[in-house]
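Reading through the structure tokens given below for one structure.
Counting convention: from 1, in listed order, for ligands and their atoms alike. FYI, the numbering just counts along the sequence from 1.
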Amino acid sequence: MDAHLIVLAAGQGTRMNSDLPKVLHCIGGAPLFAHALASGDPLEPRSRVLVVGHGGDSVRRAAAEIDPDIAVVEQAEQLGTGHAANCARDALKDATGTAFVLFGDTPFVRAETLERMARARAENDIVVLGFSPAVPGRYGRLVMQGDTLERIVEFKDASDEERAITLCNGGIFAVDVALLFDLLASLGNDNAAGEYYLTDIVAVARERGLSATAVTCDEAETLGINTRAELARAEAIFQTNRRAEALENGVTLVAPETVFFALDTWIGRDAVIEPNVVFGPGVTVESEAQIRAFSHLEGCHVGARAVVGPYARLRPGAELSNDVKVGNFVEIKNAQLGDGAKVNHLSYVGDADVGEKANLGAGTVTCNYDGVFKHRTEIGANAFIGSSTMLVAPVRVGSGAMTASGSVITSDVPDGALALGRARQVNKPGLAQRLFEKLKALKASKQKDSR
Ligand code: UD1
Ligand code: CA
């Protein structure tokens, strides 16, 4: 069965008190809508449609970064969830299969729940996600007749009897695509909110003799974000879930509560993550790698058995092959490090290719930026870069070559050569002693004057 995702994200999110559209606020380094999209991944959707609000250009840009094929459609006026879903009509006009309508501000729906909805869809025209919250509050209520969902009544429109129902609408629908748009076309907005309710398609479908049912999930999955406080709570929940998942997957977390994950963090089995490590977006860490305390990683790959940190910073484009060592106070950006390469102390390696087993001494710096352009540095296999070498890019140090410590390397170093790029040392016998004596005498005379 083909699946199509429609993610409703046009709401203003006034209660966030923000210039940023609500769905661009992040949990685990990824915007809220990306979480909704990701929950649908296992359905292998044929198409994904994001419904954004008026002027949703920033959402559009963020969406294109996540998935260039995503269709972003605009709902200029927020006339309700039914109206919002209907905005996906043109984008899905030739589609067949099941449309899953999700909310962009509801990040915790589990893939497994959507899969259960997909299975129930095989026997029902409409499947709605229901849940029984501790406090049913203002949620829409599911009016069931046995296993059949007869209709959904919004809290505002519900009678006292209906408000007493505890099974609530989680907001997610699975419906045949063509049927969805057919039903949406017949919706009115004669209700307490004056909105086109997506929820009303159930009653219309039942009147036509079509079948509808509910699949239920835990309240935690339907948690929506409306305020910064809820966002912060959601972040905490997300992190708690991810830590548990990592432990489950055979990753050692020495102090789980101090490790922070992104939505797409991937860590291999038997990796060890020490305390106070932050994973920004786009990080993969292979098996048996060790990420030592107080390291910050984003947009990077760490090979098997590599050791990173303590106090290391891996920035986007850092590609560490197997057995690489990146030590304390080292920053790596947009650079490939071959198998077994070492950058152990106080270095900056940016826009560089570092060969296998090359060893970069303490304080090595790739001077990659001339103030306008970025340039690359190449370091061959088994090269030895002396401490405090400045590599002024573009520059290449050949394989098996060496640079003397303190060198400023401005031209290429051939394979196997030693490059010395610093002033020759001169020793002046006794001069230090004479200088000290002179300075001390000067100090003493100044103290006398000031008395
Ligand atoms: C909706 C459901 C309610 C359910 C609850 C679960 C309807 C009519 N009601 O109510 O039964 O219990 O969710 O959380 O569906 N949106 C748009 N355009 C619009 C209106 C909304 O894109 O014109 C988006 C919002 O950005 C949000 C989602 O749809 O992501 C839900 O909208 P919201 O206004 O929060 O719906 P509720 O009133 O909470
Ligand atoms: Ca809501």
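F329 and Y311 have parallel rings, their planes meeting at less than 30° on a 0 to 90° scale where 60° marks the start of perpendicular. Using cut-offs of 30° and 60° on the angle between ring planes, the pair H83 and Y196 is tilted.
The pair R141-E162 does not meet the salt-bridge criterion, since no charged nitrogen lies less than 4.0 angstrom from a carboxylate oxygen. A salt bridge is absent between E65 and R60: the closest approach of a Lys/Arg side-chain nitrogen to an acidic carboxylate oxygen does not fall below 4.0 angstrom. A salt bridge between R315 and E331 is present, with a side-chain N of the basic residue lying under 4.0 Å from a carboxylate O of the acidic one.
Annotation: G140 places an N or O atom under 3.5 Å from an N or O atom of ligand 1; distance criterion only. Ligand 1 has no N or O atom lying under 3.5 Å from any N or O atom of G171, backbone or side chain. No N or O atom of E77 sits closer than 3.5 Å to an N or O atom of ligand 1. Between Y197 and ligand 1, no pair of N/O atoms sits closer than 3.5 Å. Residue contacts with ligand 1: E154 is placed with a nitrogen or oxygen under 3.5 Å of a nitrogen or oxygen of the ligand (distance criterion only). Between A84 and ligand 1, no N or O atom pair is found at a separation short of 3.5 Å. Checked against a 3.5 angstrom limit, the closest N/O atoms of L198 and ligand 1 fall outside it. In terms of polar-atom proximity, defined here as any N/O pair under 3.5 Å, V51 makes no such contact with ligand 1. Taking only nitrogen or oxygen atoms, main chain and side chain alike, T199 does not reach within less than 3.5 Å of ligand 1.
R163 forms a cation-pi arrangement with F155, by the criterion of a distance under 6.0 Å to the ring centre and an angle within 45° of the ring axis.
Side-chain contact check for S211 and D125: at least one donor-acceptor pair (N or O, by modelled atom type) lies under 3.5 Å. T227 and R15 share no side-chain donor-acceptor pair at under 3.5 Å.
Considering T106, N169, I201 only, the shortest heavy-atom separation from atom 6 (C) of ligand 1 involves N169.
Nearest heavy-atom pair across M117 and L129 is CE-N, 3.7 Å.
Those atoms of ligand 1 with a heavy atom of T81 less than 4.0 angstrom away are 7 (C), 8 (C), 15 (O), 20 (C), 21 (C), 29 (O), 31 (C), 32 (O). Atoms of ligand 1 lying under 4.0 Å from at least one heavy atom of G104, given by number and element, are 30 (O).
Heavy-atom separations between H83 and ligand 1 are all 4.0 Å or longer. Heavy atoms of C168 come nearer than 4.0 angstrom to ligand 1 in no pair at all. Put simply, part of L79 is less than 4.0 Å from ligand 1, judged by heavy atoms. Within the structure, ligand 1 lacks G224 among the residues with a heavy atom less than 4.0 angstrom away.
Looking at A10 against ligand 1, both its backbone and its side chain come within 4.0 Å, counting heavy atoms. Contacts with ligand 1 closer than 4.0 Å are made by no heavy atom of K22, backbone or side chain.
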Practice problem: In sequence, state the C-alpha distance, the side-chain angles, and the governing distance for D69 and R48, and then conclude on salt bridge (Lys or Arg N to Asp or Glu O under 4.0 Å). | Solution: CA-CA 8 Å; D69 295 329; R48 316 208 274 181; over 6 Å; no
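R208 CZ: more than 12 foreign heavy atoms inside a 6.0 Å radius.
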